[in-house]
Structure formats: C-alpha cells, structure tokens
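Here is the naming used below: chain letters follow the sequence lines, and residue numbers restart at 1 for every chain.
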Amino acid sequence: MKKSVFLGAFAASTVLAGAAFAGTLDDVKARGELICGSNVGLTGFGAPDASGEWKGFDVDLCRAVAAAVLGDATKVKFVPTTGETRFTALASGEVDLLVRNSTATYGRDVDLKLDFVAINYYDGQGFMVKKDLGVSSAKELDGATVCIQTGTTTELNLADFFKFNNISYTPVTVQDDSEAQRQYLAGACDTYTTDASGLAASRATMADSENHIILPEIISKEPLGPAVRHGDNQWGDIVRWTFNALLIAEEKGITKANIEEAAASSTDPEVRRLLGIEGDLGAMAGLDNNAFKNAIAASGNYGEIFEANIGTATPIGLARGLNALWTQGGLQYAAPFR
Amino acid sequence: MTLATSTPPGADRDGFRLSMLIYDTRFRAITIQVVVLVLVLLLVGWLVDNTIQNLNAKGKDINFSFLWVRAGYDIEQQLIPYTNDSTHGRAVIIGLLNTLLVAIVGCFFATIIGVIAGVLRLSNNWLVSRLMTVYVEAFRNIPLLLWIVVIFVVTSETQPAPNEFKVTQAMVDSWQDDDPANDLEPTASKILFGTVAVTNRGSYMATPMLDRPLGSTEIGGVPVNFSVLAALAVVIGSILVNRAMLRRVKAQQEATGERPTTWWKSLLILFGPIALLLLAMGFHLQLPAFASDENGVSKGFNFQGGILVQHSFTALTLALALYTGAFIAEIVRAGILAISRGQTEASFALGIRPGRTMSLIILPQALRVIIPPLISQYLNLTKNTSLGIAVSYLDLRGTLGGITLNQTGRELECMLLMMLTYLIISLIISGLMNIYNNAVKLKER
C-alpha cells in the first residue's frame with residue numbers, strides 16, 4: 001500500500017517535471033529574467049566586451065525579446081554554449097531561447113525537436129586563408145589541412161564539398177571559434193572554414209587582418225536564426241513576432257531615436273498597431289500591449305542592430321547583401337502586423 | 001556476553017515473531033539487506049521512470065538505428081578505412097580504436113617511465129634521486145589536462161609549418177649556377193636521414209612499402225594484410241626457435257658446465273628469416289616529400305606519402321604517459337621499499353652486483369606489491385584518454401560522444417553506449433591484470 005503511494009508520488013513529480021517545458025512565457029515572467037543561449041564568444045554576434053557586458057547582433061535580439069516580455073532589455077542572462085552543447089542546453093530547458101548563429105536544417109527541426117522561428121541572418125559557408133598561401137579559389141585547396149568546428153553543419157558541408165569536387169583534405173576538428181583562430185594563426189591548418197559572417201568576425205579580431213582573405217566560394221546555405229523548443233507555440237510566436245517587429249520597424253523607418261515621436265504622432269495604422277497605440281496585438285500573445293514598442297526601443301530596428309554590430313562601419317564590415325529588406329533586394333521580409 | 005546478542009531464550013518455543021526481524025541477530029543482517037535492496041531498486045526504478053517520462057514529454061524515443069546511418073564527417077586519424085560515407089557505427093569503431101591506441105601506447109610508456117623513475121628515485125646518487133623527485137612531484141601535482149594542452153601548444157607552435165620545407169622556383173634557380181655560395185635552401189629540413197619531418201601539424205614518418213606484397217583481404221569490413229600476418233608469423237616463429245635453442249644450451253651448460261657461444265646464433269635466428277622475408281617482398285621506405293613539378297619545385301599544402309602522426313596524438317600520449325608514469329614511479333618505489341633490506345644484503349653477500357640485485361631479486365618480489373595498484377593506474381590512464389577532446393583528438397569521446405551525438409541529437413543513446421564501452425574496456429583490463437597478478441603472486445600452500 002505504502003509502496004504504491006510512494007511510486008505514485010514519484011510518477012506525479014516526473015509528470016510535472018515534463019510539463020514544465022510547456023509554459024516558457026510563464027517561466028520567464030515568474031523568473032523575471034530571460035535566459036538566452038549565446039555563443040561562447042564571436043565578436044559582432046555574441047561576445048562579452050571589455051567590461052563583461054554582452055554585445056552583438058544575436059545578443060541584441062535576446063535583449064529585444066527580454067524587452068518585449070519583461071519590459072526591460074537588461075533582464076537577460078547569457079549562457080555561453082559551444083557548437084556541441086547548444087541544442088542540449090535548449091532541449092533540456094537550461095536556456096529559454098537559443099540565438100547563437102545556428103543554422104536551421106530539416107534534421108534539427110524534425111529530429112532534434114527544435115523550432116527555428118525566424119532567420120535573422122542569411123549566411124553561407126566560406127573559407128579563410130592567409131594571403132601568402134597563394135590560393136584564390138576553394139577548389140585549389142586539394143590536400144589542404146582544414147580547421148573546422150565540431151558539431152556544426154559546416155563540418156558536413158565541408159565533407160560534401162570536397163567529395164563533390166573530387167579533392168581531398170585533412171580535417172582538424174576544434175571546439176570553438178577562439179581555438180580555431182589559434183590553430184589557424186599557428187599554421188596548424190591552411191584554411192579555416194565556417195559561416196562567412198563568422199569568418200569576417202574572426203578576421204576582425206586578428207592583429208594582421210589585412211593578411212587574410214576570404215575565398216569567393218560560398219559552399220552552402222546557412223540560414224541562421226533563433227531557435228526554441230518544439231511544442232511551445234506561444235513562446236515561438238513571441239520570438240518570431242519580436243523579430244518581425246524589428247523588421248517592420250526598419251521598413252517603416254522607426255528607429256530607437258524617433259520611436260516616441262512615432263508613437264505620439266504616426267497616423268500609419270500598422271505603425272500604430274505595432275507600437276500598441278491601436279488594437280490589442282501585444283495582449284493576444286500574452287504580453288503587454290506596448291511589448292513590441294519596448295522591443296524596438298531596446299536596441300533599435302533590425303537595420304540599426306545590423307549596422308551597430310556587424311555593418312560596414314564596424315571592424316567586421318559586412319554588407320547587408322541578402323540581409324537587406326525585401327524592398328531593397330534582400331530576403332528579409334516580415335508578414336504583416338495585423 | 002555472547003548469549004545477550006544471540007537467540008533470545010525461548011525463541012524456539014514461541015516460534016517466529018515480527019520483532020525478531022530487528023532484534024534477532026539471525027534475521028537482522030538479512031532485514032537490513034532486504035531494506036537496502038528495496039531502496040536501491042526503487043531509486044533505479046524512479047530514475048528509469050523519470051527518464052522515460054521526460055523523453056515522452058519531449059517526444060523522443062530510445063533508438064539506436066542512427067548507428068547505421070551515413071556519418072557524413074571525416075576523421076583525421078583512422079586505423080581502419082573510413083570515409084564520410086561510412087556509417088556512424090563505423091565512426092564509433094574508429095574512435096574506439098583511437099582510444100585503445102592511446103591507452104595501449106600510453107600504458108606501455110607509462111610503465112617504462114614509472115619503473116625507471118621509481119628505481120632511480122631510490123638511487124644513492126643525490127642528483128639523480130632529486131631529479132626524479134622533481135619529476136614525480138611536478139607531474140603528480142599539476143592537472144593532467146594542463147599537461148596535455150601545454151605539450152600540444154608547444155609542439156604545434158614551435159615547429160615549422162609544412163611550407164617551410166618546400167622548394168621554391170627561386171631555390172631551383174639558385175642551384176643552376178656553379179657558385180654554391182648563392183644556393184638557397186628551404187628554411188626547415190627533415191631529420192633522421194630524411195625519414196621524419198616534424199611540422200606544426202604533426203610528424204610525417206616514412207611509410208614501410210612492399211614492391212611484391214602478398215595481397216590482402218577483408219573480413220567484416222576490417223582489412224587483413226597477408227604481408228603483415230606473414231611477417232608476424234616469421235617473427236614469432238624466430239622467437240620460439242631461439243627460445244628452444246637457449247633451452248638446449250642451458251641443459252648442456254648444466255650437464256657439462258660449459259656454455260657454448262650463443263650470441264651470433266641468436267642474432268641469426270631472430271633477424272635472419274625476417275630480413276629474408278622483407279627482402280623477398282621488396283621492402284623499402286617511402287619518404288615523406290612534397291609533390292613536385294619537372295623542375296623540382298614543390299607543390300601542394302602538405303607532405304605526400306609518409307604516415308602523419310598528429311600532434312594531438314603525440315601530446316595526449318606523452319602527457320598521459322608522463323603523468324601516469326609519476327604515479328607508477330611512486331608505486332614502484334613503495335613496492336621496492338616493502339622488500340626487506342635483508343634481501344639486498346644477502347644478495348650483496350653472494351657477490352651479486354647492485355643492478356642484477358635489483359632486476360633478479362628485488363623487482364620480482366616487489367611485483368607482488370606493485371601489480372594491484374598498477375591495475376588502477378592503467379584503468380585511470382585508459383579513462384583519461386577521453387581528455388583528448390581538449391586537443392581535438394577524435395577518440396571514442398570525440399566521435400560517439402562528440403560529433404555523432406551532436407549530428408544525430410541522440411544524447412542519451414550515445415552517452416549510454418559510451419559509458420558501456422568504457423566499462424567493458426576497463427573490466428577487460430582489470431580482468432587481464434588480475435590474471436597476471438595471480439600468476440606472480442606468492443604461492444601459498
């Protein structure tokens with residue numbers, strides 16, 4: 001008798017533990033803090049600066065989500081994750097949201113039970129070599145030693161690329177970007193391959209960045225985006241629409257600087273809905289009505305976040321390219337806010 | 001006094017009472033064991049139940065079919081053939097073999113280093129014994145991971161890059177004129193008569209090649225090379241013949257008191273047949289070299305030909321051997337000190353020199369004390385190979401617990417499989433060493 005009660009209690013507790021994954025929004029609100037899975041350190045995308053404060057393109061998206069959910073962009077805890085640990089950290093509930101230049105793929109979506117709710121950076125895999133190697137195309141890399149981060153899609157693309165072009169290589173697997181840079185600079189590999197944006201970010205931190213070139217070939221599609229767990233659609237919606245709000249803000253010319261003015265005087269109905277003046281779109285998602293206004297006010301619109309962290313004026317110097325708005329020939333296109 | 005704790009008077013008369021389970025020493029021990037067993041089973045049951053519930057909540061199942069799926073990634077060090085078209089299961093085996101390679105090579109060198117350092121630490125020579133103390137204390141008291149990383153970084157940062165071995169057009173041109181003073185040479189050169197090139201990526205060793213190999217076949221995906229098998233058979237045969245010869249000589253010595261000269265016979269028996277076999281198969285070394293065009297200008301990024309021994313392997317093996325060697329040195333020292341001083345004195349009294357006293361009298365007895373703790377050092381070394389992840393060595397932890405786990409997302413299955421594999425390896429080592437221990441331990445009748 002006693003034993004069955006005992007087992008029953010255990011079973012009940014495990015069911016509760018399982019169910020706890022569902023209401024991420026309630027968890028975040030109760031905690032008063034958003035836990036965001038971040039890169040261990042990739043300048044421009046997600047890395048702590050000299051004063052220990054997290055800065056970057058991905059980091060600003062986390063801050064926007066925190067501003068939308070909690071009304072305060074500073075209430076984020078960043079948990080550094082490596083290529084190997086990131087999805088486990090998300091699946092186990094250690095982080096609420098993973099914004100860590102992770103590629104959306106079929107396998108990760110279907111088999112790993114993740115949802116890539118948006119694409120915040122359209123990228124592709126490239127190769128970086130030292131100028132004095134005398135290589136101008138990735139197809140000339142026959143027999144080269146290649147530094148590659150383990151547990152990534154780039155690892156599989158690399159194998160496919162060399163096989164498809166019928167050339168060979170020796171892989172040197174490394175854990176993270178900083179170790180890859182060390183090995184590459186020490187000459188332990190001829191070339192370092194990862195997402196082109198990551199290569200640009202790595203090169204920006206090198207002392208002799210002018211001596212390194214990124215080869216023209218982009219060998220894969222790497223749509224990078226924020227990921228959440230399968231099955232919590234409300235939370236997924238919030239992250240997706242926070243990102244869309246940043247895009248629409250850029251489209252409508254709403255910036256960090258003029259957002260209060262726009263909220264007070266704009267007559268554009270979509271802007272009024274976005275900023276919570278009209279309708280109850282924020283409340284529909286279980287947030288405050290001015291949630292998306294807070295999100296935009298946190299670090300500015302998508303274009304501002306891009307230019308401030310990785311744009312042409314920064315040491316990383318990436319052009320908008322595919323990541324321009326659809327109105328300017330890019331792929332960034334948000335569904336209408338209504 | 002004994003009466004008070006044994007059967008209470010009248011127990012037989014009254015039969016069994018429930019309180020006897022606690023107060024009767026005949027039952028108490030069993031009661032405790034049953035209670036503990038139930039608790040342990042409950043705990044295990046809860047863990048399993050919790051895991052299944054949580055997997056269900058996430059919509060995941062336990063499924064090992066990923067082992068038969070194409071892996072899609074490459075591994076730099078492979079003892080049996082593997083490409084990115086092979087399955088995850090084969091990648092796991094590659095990783096396992098890499099783990100075993102480091103474990104075996106590491107244990108071998110750790111034992112040699114440990115025995116030498118342990119004996120030398122007891123040396124009467126002040127300098128030698130102090131040096132060994134420094135070695136033992138330095139390696140025992142600094143975390144192994146740091147040693148691995150230090151050795152790896154030093155080897156990969158100090159050695160020349162492969163392109164410093166290359167011959168450029170300017171060098172070829174400078175050799176055309178007759179003035180040797182103008183000759184340019186590559187900044188780095190190979191060592192050991194051109195058979196080894198140490199670069200910052202690893203050491204390229206000369207590869208043994210055969211002009212007339214005996215062929216090979218494949219059994220269950222594992223290549224079997226008849227040339228290697230033939231060479232092994234010849235070597236083992238030579239050793240057996242040599243042993244038989246030595247036995248006969250010994251019998252002759254005991255019978256007549258005269259020992260015939262044997263050294264040249266031994267040399268002939270041991271090395272003659274294998275030399276003949278290699279000659280017949282056309283044995284030669286393929287030296288590591290760059291591919292070059294018709295003028296002799298080097299092309300490519302890396303040495304062609306030659307076996308690449310990665311620095312990650314060297315660093316891991318060396319660090320493991322030195323680190324574990326320090327512990328083995330202490331075990332050996334303790335074993336030697338456990339042998340009575342009288343043994344040494346008796347040996348000296350018989351006029352046996354110190355070196356032979358150590359190898360013939362002290363060490364064989366000390367082995368009985370040394371073997372049991374040595375087993376646990378071997379186990380430690382084997383398990384510590386998983387630290388290879390720090391230097392990107394793709395062992396079992398790197399393939400099964402690293403890339404395969406990550407690419408398939410099967411954390412639980414990979415971890416369980418990996419734990420089971422390490423457990424089996426450890427049990428095998430432990431079993432083998434116990435057999436050896438039984439062979440050398442003091443026979444009591």
Side-chain angles (χ1 to χ4, degrees), chain A residues 3 6-7 10-11 13-15 17-22 83-88 91-92 107-108 111-114 132-133 135 141-148 150-153 155-160 162-163 169-175 179 182-183 186-191 229-231, chain B residues 38 42 45-46 49-60 66 71-76 83-85 152-153 156-164 199-202 291 299-304 308 310-312 389-394 398 401-411:
Chain A
K3 194 178 152 191
F6 183 60
L7 279 178
F10 268 132
S13 67
T14 53
V15 169
F21 284 135
E84 284 200 332
T85 59
R86 53 187 167 173
F87 299 124
T88 315
S92 66
R108 288 172 180 178
D111 195 34
L112 294 192
K113 314 280 183 209
L114 305 177
D132 59 16
L133 196 65
V135 168
L141 288 172
D142 191 10
T145 305
V146 184
C147 277
I148 175 85
T150 174
T152 58
T153 49
E155 196 168 37
L156 307 179
N157 297 333
L158 177 73
D160 288 351
F162 276 81
K163 198 169 98 171
Y169 72 105
T170 312
V172 173
T173 43
V174 292
Q175 280 291 302
E179 173 66 6
R182 192 194 68 74
Q183 296 236 23
C189 45
D190 295 303
T191 175
R229 286 180 289 274
H230 245 346
Chain B
V38 168
L42 274 178
W46 176 68
D49 178 60
N50 193 349
T51 310
I52 293 172
Q53 296 261 6
N54 276 298
L55 282 177
N56 277 341
K58 275 194 256 173
K60 284 189 161 187
F66 67 92
Y73 62 90
D74 285 287
I75 300 174
E76 53 264 57
T83 67
N84 55 49
D85 284 330
F152 179 65
V153 170
S156 64
E157 303 262 353
T158 58
Q159 298 304 317
N163 59 18
E164 290 175 44
T199 72
N200 57 359
R201 290 172 192 174
K299 292 187 300 188
F301 299 99
N302 286 313
F303 282 95
Q304 304 293 315
L308 172 61
Q310 306 255 352
H311 280 323
S312 51
I389 194 72
V391 288
S392 313
Y393 182 72
L394 284 185
I403 303 179
T404 291
L405 181 153
N406 219 287
Q407 300 293 4
T408 61
R410 299 268 168 201
E411 296 99 346

Under 4.5 Å from any heavy atom of chain A - which part of [X]:
| X | answer |
| --- | --- |
| B:Gln159 | neither |
| B:Thr83 | neither |
| B:Asn84 | side chain |
| B:Asp85 | side chain |
| B:Phe303 | neither |
| B:Ile389 | both |

Let's test your reading of the structure: which of [options] forms the most heavy-atom pairs below 4.5 Å with chain B?
| options | value |
| --- | --- |
| A:Leu141, A:Ile148, A:Asp160, A:Thr170 | A:Leu141 |
| A:Leu156, A:Leu158, A:Thr153 | A:Leu156 |
| A:Cys189, A:Ala186, A:Gly107, A:Pro171 | A:Pro171 |
| A:Gln175, A:Gln183, A:Lys163 | A:Lys163 |
| A:Leu112, A:Asp190, A:Thr150 | A:Asp190 |

- Do the side chains of B:Phe301 and A:Val135 get nearer than 4.5 Å, heavy atoms only?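 Heavy-atom side-chain distance check passes, below 4.5 Å.
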Looking at [X] and [Y], what are the two nearest heavy atoms and their distance?
| X | Y | answer |
| --- | --- | --- |
| A:Thr152 | B:Gln407 | O-NE2, 2.9 Å |
| B:Glu76 | A:Val172 | OE2-CA, 3.8 Å |
| B:Gly72 | A:Ala159 | O-CB, 3.3 Å |
| B:Arg201 | A:Gly187 | NE-O, 3.1 Å |

- Query: Looking at residues at least two apart in the chain, or sitting in another chain, which of them share a salt bridge (Lys or Arg N to Asp or Glu O under 4.0 Å) with B:Arg410?
  - Reply: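 B:Arg410: salt bridge (Lys or Arg N to Asp or Glu O under 4.0 Å) contacts with A:Asp111, B:Asp61, B:Glu413.
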- Task: Taking salt bridge (Lys or Arg N to Asp or Glu O under 4.0 Å) as the test, write out the residues that go with B:Asp74, two or more places apart.
- Result: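 Checked B:Asp74 against salt bridge (Lys or Arg N to Asp or Glu O under 4.0 Å); zero matches.
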- Check each atom of A:Tyr169 against the heavy atoms of chain B and say whether the ones under 4.5 Å are side chain, backbone, both or neither.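 Only the side chain of A:Tyr169 comes within 4.5 Å of chain B.
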- Item | Distance (rounded to the nearest 0.5 Å) between B:Ile75 CD1 and A:Thr173 OG1 |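 These two atoms lie 9.0 Å from each other.
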- Using a distance-only test with no angle check, is there a side-chain donor-acceptor pair under 3.5 angstrom linking A:Thr145 and B:Asn302?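 Their side chains do contain a donor-acceptor pair, which is all the 3.5 Å distance test asks for.
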